[in-house]
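Working notes, structure below.
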Amino acid sequence: MRRFRIGSAFGIPIQLDLTFLLVLPLFAWIIGSQVEPTVELLNQFGGNLDPAVLTTDLLPWLLGIAAAIGLFTGVVLHELGHSLVAIRYGYPIESITLWLFGGIAQLDEMPEDWRQEFLIALAGPVVSVLVGIVSLVGFVLVPSGTTAFAAVRFVLGYLALMNVALAVFNMLPGFPMDGGRILRALLARTNPYARATEIAAEVGKGFAILLALFGLFPPFNPLLIGLAFFIYIGAAGESRQTVMRAAFEGVTVADVMTPADRVTTVDPDTKVRELIRTMFEERHTGYPVERNGEIVGLVTLEDARAVREVERDAYTVSDIMTTELIVLSPEEDVMTALSELEGNNVGRLIVLDEADEFRGLLTRSDIMTALTIIKENPDYKADDEGEATVFEPQA
Ligand SMILES: [Zn+2]
């Protein structure tokens, strides 16, 4: 199990990723070993703290643990900021997850209204600034004197600085940081959504490369390089998703599937050896299995290969086929089909109409071919015949 739940707030489950358990002690250790320079920094803001008091015995490590936990609490509050505004606009939040690089609030879908995205993105950094201010007020109000008070003030002062730093970092104008979403929202006022995403993603990739270069310079900083990698991947992924969603707008499964009359089906009693021969002859790696005009399963090259050479005459398609079919209706939109494919980690989906009649087969390569064609011929979508597909069958 990579993630486990630690609680919930406003009905949103809060989860810890395993990578987070590695980074929490690391942070505690870093903060604990930096108590003296941190005190010097806080004293420049009128901290009036005595480093000698705070660096005795185990105190630095206790401070490190308290500050690290405080820091990640700040991250959860930041994500809650995003989440509550998103919920207010009617976007459900599946969970908030803490991992190696902070927090993620999982939105099922992204708002395409620029005002909503703008406010959802802005809410996180605003909360961080508020947490910073509250910490600062505590830092100023708690009296100096005893060691316990000094320790509390150290943690509050540290949290004041770090939450403001967190807000500033998140406002960098590149995906997938909040600043990137704000940039996209502002660009989307005058550009199509997909174009706005592309620009914000390019800026994000540029930032990622700068950050990685920065991390490579001495002192070598692996955490910064990891963060750069995460930003790069996030930017690229977001851009790909949005480009596809824009390309497939209004395109249905029926438009891109291989229609039933062009799909070869196999009989459940076919021997595995024969099936493999057919696969090589027709260069298809998967077939719907048909019995009495009804689709009863799907069989793939992988299934067939799992049968040992010597047993391929003994086994038939019905022994090895998958009977748990993932079924789509022809009217479903292509993005839904794609998330079904990816979510179930399968290569092909069966398309059935309301009467459970077999209408076609939809594979990943059907979708990718369609994407290429639509991108090259934007006019294709204007053809509203609905029935004829221009895509070559590929199973
Ligand atoms: Zn954020």
Side-chain angles (χ1 to χ4, degrees), residues 3 8-10 12-17 19-20 23-24 27 68-89 91-135 159-188 196-197 200-201 203-205 207-208 211 223-224 226-239 241-242:
R3 288 176 175 183
S8 71
F10 301 98
I12 307 164
I14 296 171
Q15 305 178 317
L16 285 188
D17 187 274
T19 55
F20 175 79
V23 83
L24 188 69
F27 265 77
I69 292 173
L71 204 54
F72 284 101
T73 308
V75 172
V76 171
L77 292 173
H78 173 110
E79 297 304 329
L80 274 175
H82 291 306
S83 305
L84 293 181
V85 177
I87 288 170
R88 195 191 161 281
Y89 286 125
Y91 297 95
I93 303 289
E94 217 170 276
S95 62
I96 291 176
T97 304
L98 285 177
W99 72 303
L100 186 55
F101 297 116
I104 312 171
Q106 217 94 45
L107 250 82
D108 275 345
E109 52 180 320
M110 286 291 168
E112 296 204 10
D113 177 340
W114 74 266
R115 286 177 201 84
Q116 296 182 355
E117 170 156 59
F118 179 82
L119 292 173
I120 293 170
L122 195 63
V126 166
V127 168
S128 290
V129 169
L130 290 178
V131 173
I133 291 173
V134 170
S135 305
L159 291 179
L161 286 177
M162 290 308 285
N163 277 290
V164 172
L166 182 71
V168 170
F169 174 79
N170 265 295
M171 288 301 284
L172 290 180
F175 266 133
M177 285 160 301
D178 299 333
R181 302 200 182 284
I182 291 170
L183 176 64
R184 171 169 68 185
L186 296 176
L187 286 167
T197 303
V203 175
K205 286 185 201 170
F207 260 111
L211 209 61
L223 206 64
L224 213 55
L227 187 63
F229 179 75
F230 160 65
I231 292 173
Y232 194 93
I233 298 294
E238 180 90 28
S239 165
Q241 270 279 326
T242 312

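Predicted model, so just to flag it, every value in this text is computed and none were measured. Remember, it's 1-based here, ligands and their atoms both numbered in the order they're listed.
- Taking the six-membered ring wherever Trp is involved, the centroid distance between the rings of F20 and F72 falls below 6.0 Å.
- Closest heavy-atom contact between A188 and A196: N-CB, 3.7 Å.
- With a 6.0 Å radius and a threshold of 12 heavy atoms from other residues, nucleotides or ligands, Y232 has its OH atom at or below the threshold.
- The two residues V203 and P173 make their nearest non-hydrogen contact at CG1-O, 3.0 Å.
- The number of protein N, O or S atoms lying under 2.8 Å from the Zn ion (ligand 1) is 4.
- Checked by atom type and distance alone, the side chain of H78 pairs as donor or acceptor with a backbone atom of G124 at under 3.5 Å.
- Residues meeting the side-chain hydrogen bond (donor to acceptor under 3.5 Å, both in side chains) test with N163, sequence neighbours left out: none.
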